[in-house]
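Each remark here refers to the structure printed beneath this line.
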2 protein chains.
Amino acid sequence: MTVSKTAADAARASRPLRREPVDPAGDDSMLQLGELSGLLGYSLKRAQLKVFEDFLRCVAPLQLTPAQFSVLLLLDKNPGRNQTEIAATLGILRPNFVAMLDALESRDLCARMRSTNDRRSHILVLTDKGRAVLARAKKLVANKHEARLIEVLGPANHAALLEMLAKLAQEF
Amino acid sequence: MTVSKTAADAARASRPLRREPVDPAGDDSMLQLGELSGLLGYSLKRAQLKVFEDFLRCVAPLQLTPAQFSVLLLLDKNPGRNQTEIAATLGILRPNFVAMLDALESRDLCARMRSTNDRRSHILVLTDKGRAVLARAKKLVANKHEARLIEVLGPANHAALLEMLAKLAQEF
DNA sequence: GATAATTGTTATGCGGTATATCAAATATCG
DNA sequence: CGATATTTGATATACCGCATAACAATTATC
């Protein structure tokens with residue numbers, strides 16, 4: 001037998017030959033996830049759904065979705081911007097942002113003002129009510145939602161998780 | 001003045017008074033994300049979209065979505081199961097699983113077989129073609145998709161990320 | 001054996017996302 | 001200047017993911 005090393009051989013050799021985690025196979029009515037539990041995208045999506053669900057619960061008294069909350073946050077931090085700029089920053093397409101703003105404006109949380117410089121664009125502003133709702137939402141999010149996340153993960157892990165997700169969202 | 005300590009006082013005191021990260025404020029055309037970058041759900045969703053996008057690109061030659069890939073994986077690991085069981089494990093509602101199976105079956109990747117025990121249920125099986133496609137998909141996912149993730153994050157971080165996401169997906 | 005529960009299915013609606021298109025306003029360039 | 005191109009907000013539309021109600025066939029329960 002020769003000593004030829006194929007790519008597969010090399011890969012196998014370089015791997016620390018870890019034992020398969022054989023998912024705990026509890027109940028026989030519980031299916032085996034197999035390599036699904038190692039798929040980052042799979043866990044990512046499931047975690048995202050859970051986190052959004054908790055967000056909605058925590059901020060339910062104010063009737064704000066995560067997307068709406070992010071719009072209010074952005075308007076507060078970036079006064080004087082128009083629809084195109086806000087939408088683009090959030091990864092929302094302009095056509096889809098129209099109905100979103102309609103909903104917020106109909107609740108008197110923000111307003112569109114025609115720009116004097118460029119009469120095509122609408123300058124977006126938070127109303128007083130919008131600022132008040134945002135302030136209350138921030139407290140609910142911090143004290144109920146994020147607090148629970150930090151509790152479950154631990155502060156250090158929470159920070160590390162945030163950093164990794166930001167890296168993925170950027171340079172991937 | 002008394003020495004009463006409110007909950008807010010305690011929280012403020014226990015916090016290591018960290019400096020605000022003042023997002024790098026580069027270009028003046030770039031908007032300030034503000035506390036948005038600290039919102040886990042926000043980064044979670046953006047990262048998830050990027051990861052799914054990369055998955056689709058890597059496995060494009062086989063024309064498989066993440067959801068379809070997860071179904072094939074589950075069928076392979078759990079032979080003899082019916083639609084209800086597979087769908088429930090993946091968090092897919094039975095009505096929505098029907099069209100998904102139709103698509104896979106029309107491509108001859110899997111098949112429904114009437115159970116002899118319970119003639120209501122359909123036992124799901126991978127076809128030979130389904131097994132072949134799954135095998136190729138696994139390689140693409142491991143060598144292109146997950147490999148890139150591990151490269152960007154580093155192996156240790158990748159493992160830590162996976163663990164934290166799994167924890168969130170479970171006990172949250 | 002009558003009633004209830006389960007399985008797969010269809011129909012349907014809602015929200016998120018994507019593209020094409022339009023009128024008004026502005027920018028560009030000959 | 002004036003013709004053309006671009007930008008902005010908006011509408012219409014379509015597709016996908018996700019959710020509920022309802023149904024026929026089959027099986028379970030009592």
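Proteins come first, then strands; the chains are lettered A, B, ... in the order of their sequence lines, and each starts at number 1. For clarity, every value in this text was computed on a predicted model and none was experimentally measured.
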Output the rounded distance in Å from CZ (A:Phe97) to C1' (C:dG15). 17 Å

The side chain of B:Arg94 lies closest to which of these nucleotides: D:dC18, C:dT9, C:dT17? C:dT9

Nearest-Å distance for atom pair NZ/C1', residues B:Lys45 and D:dG17: 11 Å

Rounded to the nearest Å, what distance is computed from the CG atom of residue A:Leu93 to the P atom of nucleotide D:dC15? 17 Å

Mapping B:Asn96 and A:Asn96 onto DNA chain D by nearest heavy atom, which one lands closer to the 5' end? A:Asn96

Quick check against the 3.5 Å criterion: does A:Thr127 have a side-chain atom that pairs as donor or acceptor with the backbone of A:Leu109? yes

Integer-rounded Å distance: C:dG8 P and B:Arg81 CZ: 13 Å

For a quick check of understanding: with a heavy-atom distance under 4.0 Å over all strands, which category does A:Asp118 fall into, base, sugar-phosphate or nothing? sugar-phosphate

Starting at atom CD of A:Gln83, determine the distance to atom C1' of C:dA25, rounded to an integer number of angstrom. 15 Å

Using a 6.0 Å cut-off, check whether atom NZ of A:Lys144 has over 12 heavy atoms from anything other than its own residue. no

Give a yes or no on whether the backbone of A:Asp108 and the side-chain of A:Lys129 come within a donor-acceptor separation of less than 3.5 Å. no

note: B:Ile92, atom CD1; C:dT9, atom C1'; distance rounded to Å ~ 16 Å

A:Ala103 backbone acceptor or donor facing A:Ser106 side chain under 3.5 Å: yes

Please state whether the phosphate of C:dT9, meaning OP1 or OP2, lies under 4.0 angstrom from any side-chain nitrogen or oxygen of B:Arg112. yes

Between A:Leu39 and B:Ile86, is there a shared hydrophobic cluster once you connect ILVMFWY residues whose side-chain heavy atoms come closer than 4.5 Å? yes

Looking only at the side chain of A:Val98 (C-beta and beyond, no hydrogens), which of the listed nucleotides D:dT11, D:dT8, C:dT10 gets closest? D:dT11

Nearest to side-chain heavy atoms of A:Arg120, which nucleotide of D:dA25, C:dT17, C:dA27: C:dA27

A:Pro95 side chain: which of C:dA20, D:dG9, D:dT20 is closest? C:dA20

Find which nucleotide of DNA chain C each of B:Glu85 and B:Leu49 is nearest to by heavy atoms, and output the residue with the more 5' nucleotide. B:Glu85

Whole-Å gap separating C1' (C:dA25) and CD1 (A:Ile123): 14 Å

For the side chain of A:Arg119, counting heavy atoms from C-beta on, which of C:dA20, D:dT20, C:dA25 is nearest? C:dA25

Nearest to the side chain of B:Ser121, heavy atoms from C-beta on, is which of C:dT19, D:dT27, C:dG8? C:dG8

Please give, in whole Å, the distance from D:dT26 C1' to B:His122 NE2? 11 Å

Check every strand shown and say whether B:Asn117 touches a base, only sugar-phosphate, or nothing at a heavy-atom separation below 4.0 Å. sugar-phosphate

